**Q** 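Submitted below is the structure of interest, expressed as structure tokens.
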Number of protein chains: 2
Amino acid sequence: MALGKDYATQECSIARALEIVGERWTLLVVRDALYGVRRYNDFLVHLGAPRAVLAARLQTLTSEGILEKRRYQESPPRDEYVVTERGIALWPTLRALGLWGREHFGEEQLRCFRHADCGTELGPYGECPACGTIVPVRDVLMVPGPGLDPDPADPVSRALLRPKRLLQPLEIDPA
Amino acid sequence: MALGKDYATQECSIARALEIVGERWTLLVVRDALYGVRRYNDFLVHLGAPRAVLAARLQTLTSEGILEKRRYQESPPRDEYVVTERGIALWPTLRALGLWGREHFGEEQLRCFRHADCGTELGPYGECPACGTIVPVRDVLMVPGPGLDPDPADPVSRALLRPKRLLQPLEIDPA
DNA sequence: CAGATGGGTTCATTCACCGAACCGAGGATG
DNA sequence: CATCCTCGGTTCGGTGAATGAACCCATCTG
């Protein structure tokens with residue numbers, strides 16, 4: 001966690017994980033990356049985090065192999081941050097955390113996750129109750145739930161209103 | 001999260017969850033509570049967190065209904081912090097996080113979780129592969145894995161070496 | 001050429017974390 | 001009955017991270 005006192009004495013994989021993704025904003029960056037956000041500016045707009053903090057987080061996530069920075073156009077040179085397998089592997093954690101948050105502190109469902117192949121809503125562990133299998137992240141379809149603001153201010157949130165598969169790059173309409 | 005900028009604009013259950021359990025040390029306190037730690041001093045010794053921070057976290061966790069503070073003896077008056085159902089519901093999150101940490105950053109397994117009824121090691125979602133059911137947290141048996149230091153310095157870590165069920169109050173030997 | 005865009009860096013302020021010291025109630029010890 | 005010890009904190013000065021606003025620079029666009 002790169003603070004004065006780290007979790008080094010902990011001898012625990014949870015602590016080790018938190019050293020990497022336990023800092024403020026980090027898990028939300030990964031969440032957005034799974035939702036298909038890839039560009040610095042889109043993260044910035046959607047998260048509302050300070051620019052310096054975002055830059056630092058993208059840096060660490062990249063060096064830890066959770067995101068990958070890659071050039072997607074020359075002239076002007078532009079990079080995007082794409083989530084790797086290691087980042088995708090955080091999906092069960094984020095799923096569990098989101099479920100806990102909704103069940104204990106949220107009223108309405110904000111986002112709904114379905115098995116893209118059959119349309120069934122995912123169970124608590126990311127499994128498809130109909131097919132009886134764990135749904136790969138690429139086959140998860142995210143659709144807005146009833147509690148979500150239907151007309152958000154920022155274009156990234158607007159783009160996230162459209163049903164889309166996880167990991168699919170986000171398409172922002174010029175609007 | 002009670003910082004200058006909170007996650008309020010996020011409209012997301014993950015962000016809401018992180019506002020509550022996303023601060024430094026918080027998830028480790030919950031982890032210890034699930035492991036059976038209940039007393040201020042035991043948390044202190046095992047975590048190595050600053051006293052003020054620990055007190056603050058126990059306070060928030062209690063007011064959020066994740067721990068419950070209760071008198072377990074008069075004279076001298078002593079309280080313990082017992083994890084509630086809401087706290088127990090964080091088990092899937094911690095399980096997923098620990099698994100991710102071990103698979104991607106740990107070498108050896110530090111702790112092993114088994115179905116107490118049949119001894120089978122839990123699957124990634126906390127299910128028993130033999131029985132085919134999700135194992136209730138109370139029926140999870142925690143045993144030390146090969147990577148765990150067999151002779152730790154503090155008495156809490158030593159007590160956690162003995163196989164024990166989750167939630168079962170920790171017994172520290174006087175030693 | 002002026003302005004916009006994308007992706008940052010710099011900087012002063014604020015705030016949380018840190019560790020050490022202190023504190024008070026209530027046994028235990030001699 | 002004076003002292004020490006334990007438990008569960010609080011207080012406090014110092015440090016380092018987060019914040020938000022400003023600035024920067026290369027490249028398009030009009």
Side-chain angles (χ1 to χ4, degrees), chain A residues 1-9 18-19 22-29 32 37-62 67 69-82 154-156 170 172 174-175, chain B residues 1-10 18-29 32 37-63 67 69-82 154-156 170 172 174-175:
Chain A
M1 216 161 177
L3 292 175
K5 169 141 206 170
D6 60 359
Y7 295 145
T9 64
L18 286 173
E19 276 188 53
E23 284 177 303
R24 196 156 158 69
W25 297 111
T26 304
L27 275 179
L28 294 183
V29 172
D32 275 11
V37 177
R38 294 187 168 189
R39 293 161 61 160
Y40 179 91
N41 224 39
D42 293 345
F43 284 110
L44 193 69
V45 163
H46 191 232
L47 292 173
R51 307 174 75 92
V53 176
L54 176 60
R57 294 299 182 269
L58 291 172
Q59 169 65 44
T60 355
L61 285 171
T62 302
L67 300 181
K69 184 174 187 170
R70 72 174 175 219
R71 182 70 40 108
Y72 69 93
Q73 72 172 32
E74 315 284 341
S75 166
R78 291 282 181 262
D79 298 318
E80 60 184 1
Y81 297 90
V82 185
D154 70 289
V156 179
L170 196 63
I172 313 275
Chain B
M1 219 159 175
L3 293 177
K5 168 141 208 174
D6 59 359
Y7 295 146
T9 63
Q10 280 298 315
L18 286 174
E19 277 190 52
I20 296 162
V21 296
E23 284 176 303
R24 196 156 156 69
W25 299 111
T26 304
L27 275 178
L28 294 184
V29 172
D32 275 10
V37 177
R38 292 186 169 189
R39 293 162 62 163
Y40 178 90
N41 224 40
D42 293 345
F43 283 111
L44 193 67
V45 164
H46 192 232
L47 293 174
R51 307 175 76 90
V53 175
L54 176 61
R57 296 298 181 271
L58 290 172
Q59 169 65 43
T60 341
L61 286 171
T62 302
S63 75
L67 300 180
K69 184 175 187 170
R70 72 173 174 220
R71 183 69 41 106
Y72 69 95
Q73 73 172 29
E74 314 284 341
S75 169
R78 291 282 181 265
D79 299 319
E80 59 183 3
Y81 296 90
V82 185
D154 71 289
V156 179
L170 195 63
I172 313 277

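No experiment lies behind these values; they were computed from the predicted model shown. Naming: A, B, ... by sequence-line order, numbering from 1 per chain.
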**Q** Rounded to whole angstroms, how far apart are CG on B:Leu47 and C1' on C:dC17?
**A**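 Distance, rounded to whole Å: 15 Å.
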
**Q** Who passes side-chain hydrogen bond (donor to acceptor under 3.5 Å, both in side chains) against A:Asp42, sequence neighbours left out?
**A**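 Result, side-chain hydrogen bond (donor to acceptor under 3.5 Å, both in side chains) vs A:Asp42: none returned.
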
**Q** Can you tell me if B:Gln73 uses its side chain to pair, donor with acceptor, with the backbone of B:Pro76 under 3.5 Å?
**A**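 Yes; judged by distance alone, with no hydrogens or angles, the pair exists.
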
**Q** In Å and rounded to the nearest 0.5 Å, what is the CG to CG distance from B:Leu27 to B:Leu61?
**A**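 Reported value, rounded in 0.5 Å steps: 9.0 Å.
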
**Q** Output yes when a side-chain donor or acceptor of B:Thr62 lies under 3.5 Å from a complementary backbone atom of B:Leu58, and no otherwise.
**A**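 Between the backbone of B:Leu58 and the side chain of B:Thr62 there is a qualifying donor-acceptor contact (under 3.5 Å).
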
**Q** Could you write out each protein N or O paired with an N or O of nucleotides 6-10 of chain C at a distance under 3.5 Å?
**A**
unit_1	atom_1	unit_2	atom_2	d
C:dG6	OP2	A:Asn41	ND2	3.3
C:dG6	O4'	A:Arg78	NE	3.4
C:dG6	O4'	A:Arg78	NH2	2.9
C:dG6	O3'	A:Arg78	NE	3.1
C:dG7	OP2	A:Asn41	N	3.4
C:dG7	N7	A:Arg51	NH2	2.9
C:dG8	OP2	A:Tyr81	OH	3.0
C:dG8	N7	A:Arg51	NE	2.8
C:dG8	N7	A:Arg51	NH2	2.6
C:dG8	O6	A:Arg51	NE	3.0

**Q** Want to settle it: does A:Val53 or A:Ser75 sit nearer the 5' end of DNA chain D, counting the closest nucleotide to each?
**A**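 By nearest-heavy-atom nucleotide position, the 5'-most residue is A:Val53.
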
**Q** Knowing that exactly one of B:Val29, B:Leu28, B:Asp32 qualifies, which makes a side chain to side chain contact (heavy atoms under 4.5 Å, CB included) with B:His46?
**A**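 It is B:Asp32, the one option of B:Val29, B:Leu28, B:Asp32 that forms the side chain to side chain contact (heavy atoms under 4.5 Å, CB included) with B:His46.
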
**Q** When rounded to the nearest 0.5 angstrom, what distance separates CG in A:Asp154 from CG in A:Leu47?
**A**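 Atom-to-atom, A:Asp154:CG and A:Leu47:CG are 10.0 Å apart.
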
**Q** Rounded to whole Å, how long is the line connecting atom CZ of B:Phe43 with atom C1' of D:dG9?
**A**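 After rounding, the gap between these two atoms is 15 Å.
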
**Q** Between atom CG in B:Leu54 and atom C1' in D:dC7, what is the gap in whole Å?
**A**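 It is 13 Å, rounded to the nearest whole Å.
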
**Q** Without decimals, in angstroms, what is the distance between A:Leu44 CG and D:dA21 C1'?
**A**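 Going from CG in A:Leu44 over to C1' in D:dA21 covers 13 Å.
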
**Q** Starting from C1' on D:dT6, measure out to CD1 on B:Ile172 and report it in whole angstrom.
**A**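 Rounded to the whole Å, the gap is 14 Å.
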
**Q** About how many Å separate CZ of A:Arg57 and CH2 of A:Trp25, when rounded to the nearest 0.5 Å?
**A**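 Result: 10.0 Å between the selected atoms.
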
**Q** What's the shortest heavy-atom distance between B:Leu44 and B:Ala49, and which atoms?
**A**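 Shortest heavy-atom contact: CD1-O, 3.4 Å.
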
**Q** Please find the pair of heavy atoms, one from B:Phe43 and one from B:Val37, that lie closest to each other, and give the distance.
**A**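 Shortest heavy-atom separation between B:Phe43 and B:Val37 comes out as CZ-O, 3.5 Å.
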
**Q** Where do N or O atoms of nucleotides 28-30 of chain C meet protein N or O atoms at under 3.5 Å, pair by pair?
**A**
none

**Q** Mind checking what makes salt bridge (Lys or Arg N to Asp or Glu O under 4.0 Å) contact with B:Arg39, not counting sequence neighbours?
**A**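 Here no residue qualifies.
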
**Q** Take the C1' atoms of the five end pairs on each side of the helix from C:dC1-D:dG30 to C:dG30-D:dC1, derive the two axes, and give their angle rounded to 10 degrees.
**A**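 Computed from the C1' atoms at both ends, the axes differ by 0°.
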
**Q** From D:dT27, C:dC17, D:dT19, pick the nucleotide closest to the side chain of A:Pro50?
**A**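 So the side chain of A:Pro50 is nearest to D:dT19.
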
**Q** Measuring to OP1 and OP2 of C:dA16, would you say a side-chain N or O of B:Trp25 lies under 4.0 angstrom away?
**A**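 Indeed not, no polar side-chain atom of B:Trp25 lies that close.
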
**Q** Could I get the full list of salt bridge (Lys or Arg N to Asp or Glu O under 4.0 Å) partners for A:Arg51, not counting sequence neighbours?
**A**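 Counting only residues at least two positions away or on another chain, A:Arg51 forms no salt bridge (Lys or Arg N to Asp or Glu O under 4.0 Å).
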
